[in-house]
2 protein chains.
Amino acid sequence: MTVNAGPGKREQRLRKSDVTRGRILDAAAEVFRDKGYPGARLSDIADLADTQAGSLYYHFDSKEQLAEEVLAIGVDRVSAAVGAATEALPAGAPFADRLSAAVEAHVAGMLQNDAYSAANVRIISQVPIDVRERHLSRHRHYGAFWRDLLAAAQAAGEIRADVDLPAMRMLILGALNWSVEWYRPGRLTPQEIARQFTEMILRGILPQSKRF
Amino acid sequence: MTVNAGPGKREQRLRKSDVTRGRILDAAAEVFRDKGYPGARLSDIADLADTQAGSLYYHFDSKEQLAEEVLAIGVDRVSAAVGAATEALPAGAPFADRLSAAVEAHVAGMLQNDAYSAANVRIISQVPIDVRERHLSRHRHYGAFWRDLLAAAQAAGEIRADVDLPAMRMLILGALNWSVEWYRPGRLTPQEIARQFTEMILRGILPQSKRF
DNA sequence: GTCTATAAAGAGATAGAC
DNA sequence: GTCTATCTCTTTATAGAC
């Protein structure tokens with residue numbers, strides 16, 4: 001990061017502009033998550049960020065650009081969290097542990113961290129086509145993490161050979177992403193949800209006696 | 001159904017009004033599925049139904065009412081299809097068969113039947129609160145089918161006792177509903193997707209040697 | 001940098017002719 | 001029953017004061 005002479009003080013000091021910009025982005029993520037892209041009004045975002053709709057345009061060019069940044073942050077954060085969680089495991093850790101760590105980090109991103117990752121899954125299919133296209137490379141990057149994780153595991157004999165990996169990836173990510181639609185704080189915690197999901201994916205739900 | 005003297009001909013004959021109304025509903029389901037509730041314009045729906053935006057109001061009071069009927073039809077149809085598929089099985093059919101039939105019927109509703117059920121999952125979280133509340137009883141009715149199916153199976157020892165049933169229901173329905181977001185005709189057919197999902201849920205993905 | 005005011009466009013909904 | 005025209009309201013975006 002380049003040193004910045006700054007407005008009076010030393011370097012490092014956050015400019016007021018950046019703070020406000022961040023507050024607006026946070027608000028946008030929350031509103032997008034709750035109302036979707038077309039349903040989110042700039043006035044909703046401004047209200048939540050304690051400013052006026054017109055003032056947003058000092059920091060952002062358009063609603064589209066706001067969505068684009070929320071999308072990027074959302075996938076980057078969940079990607080980083082999931083990557084960090086799996087890389088923290090010992091080198092030769094079994095697939096079951098890797099899956100468990102990845103699932104738990106992804107669920108946390110959806111349900112208990114900031115709103116960016118949940119907003120991402122909510123609005124990705126609703127934003128204008130050009131925004132979605134510019135977002136595609138980041139999206140694929142995260143998809144590749146899962147593809148690689150599963151491919152390595154199947155190659156190592158840790159996933160049955162007859163399991164279709166794309167279907168498995170969609171089952172897992174679908175179940176995780178859908179949690180945004182139904183989860184409300186109360187019964188199961190995000191960690192418990194992650195644990196239950198991981199166990200079902202690994203072992204299935206049949207009792208020993210019925211396994212085939 | 002009451003006999004209707006009709007406009008000239010005998011009873012039974014579909015009135016022109018009903019045909020048009022149905023065409024508009026079909027169009028609305030498709031547009032809602034593709035653009036979400038706030039993103040769908042009445043002009044989009046009118047275009048697809050080969051009529052004018054203003055003409056919709058002869059058949060429907062408002063955009064909300066249109067959404068309400070699409071929601072109702074969507075859940076009723078998938079509910080009926082899933083119910084029929086499971087009831088077609090022999091009386092004491094094992095849980096694996098019941099689950100397989102239910103999953104296949106639900107996936108078909110999402111991916112290859114008309115657009116109503118897919119529209120339902122796309123807009124349910126986006127419609128005005130009062131629409132959602134009026135829809136709730138139908139939604140719960142379908143939810144109860146799955147709750148009962150899983151509860152009976154666990155009571156009969158066909159699902160491990162330590163599986164959390166609400167989590168299992170959300171895993172299954174999440175994976176199935178999310179297919180609306182990623183599926184494109186091409187590689188796997190809806191039937192193959194259903195089969196892969198069912199197998200993973202029942203058996204998990206570990207090879208025999210790694211099972212625990 | 002942020003505000004207020006307002007322009008410009010788009011959406012749902014209504015009116016009245018046919 | 002459907003169309004065209006239009007009303008009204010909302011929303012994104014811009015302009016200019018402070």
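Lettering follows sequence order; numbering is per chain, from 1.
The ring-ring contact (aromatic ring centres under 6.0 Å, His included) analysis of residues 94-131 of chain B, with sequence neighbours excluded, yields the pairs B:His106-B:Tyr142. Residue pairs satisfying the side chain to side chain donor-acceptor pair (under 3.5 Å) criterion with at least one member in residues 93-105 of chain B, sequence neighbours excluded, are absent. Among pairs with a residue in residues 64-81 of chain B, those fulfilling side chain to side chain donor-acceptor pair (under 3.5 Å) read B:Arg21-B:Glu69, B:Gln65-B:Glu69, B:Glu68-B:Arg134, B:Asp76-B:Arg138, B:Arg77-B:Asp114, at least two apart in sequence or across chains.
In terms of the side chain to side chain donor-acceptor pair (under 3.5 Å) criterion, residue partners of A:Arg122 (sequence neighbours excluded) are, by chain and number, A:Glu181. Legend: residues meeting side chain to side chain donor-acceptor pair (under 3.5 Å) with A:Asn113, ordered by chain and number and at least two apart, are absent. The side chain to side chain donor-acceptor pair (under 3.5 Å) search around A:Asp162 returns A:Arg160, not counting sequence neighbours. Shown here are the side chain to side chain donor-acceptor pair (under 3.5 Å) partners of B:Arg41, two or more places apart in sequence or in another chain: B:Asp44. Remark: B:Glu30 pairs with no residue by the salt bridge (charged side-chain N to carboxylate O under 4.0 Å, His left out) rule, at least two apart or across chains.
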Distances for protein N/O vs nucleotides 5-9 of chain C N/O pairs under 3.5 angstrom?
none

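In this structure, A:Ser55 contributes its side chain and A:Thr51 its backbone to no donor-acceptor pair below 3.5 Å.
Under a cut-off of 6.0 angstrom, the local environment of CZ in B:Arg140 is sparse, with at most 12 non-hydrogen atoms contributed by other residues, nucleotides or ligands.
In 5' to 3' order, the nucleotides of DNA chain D bounding all contacts with chain A (an atom under 4.0 Å from a heavy atom) are D:dT11 to D:dT14.
Comment: A:Asp164 does not engage B:Arg195 in a salt bridge, judged by the lack of any side-chain N to carboxylate O separation of less than 4.0 angstrom. We find that A:Arg23 and A:Asp26 are not joined by a salt bridge, their nearest charged nitrogen and carboxylate oxygen being 4.0 Å or further apart.
Shown for residues 65-72 of chain A: no residue has heavy atoms falling under 4.0 angstrom of DNA chain C. The stretch residues 32-53 of chain A touches DNA chain C through A:Thr51, A:Gln52, each having a heavy atom within less than 4.0 Å of the strand.
Atom NE2 in B:His59 sits roughly 17 Å away from atom C1' in C:dG12 (whole-Å rounding).
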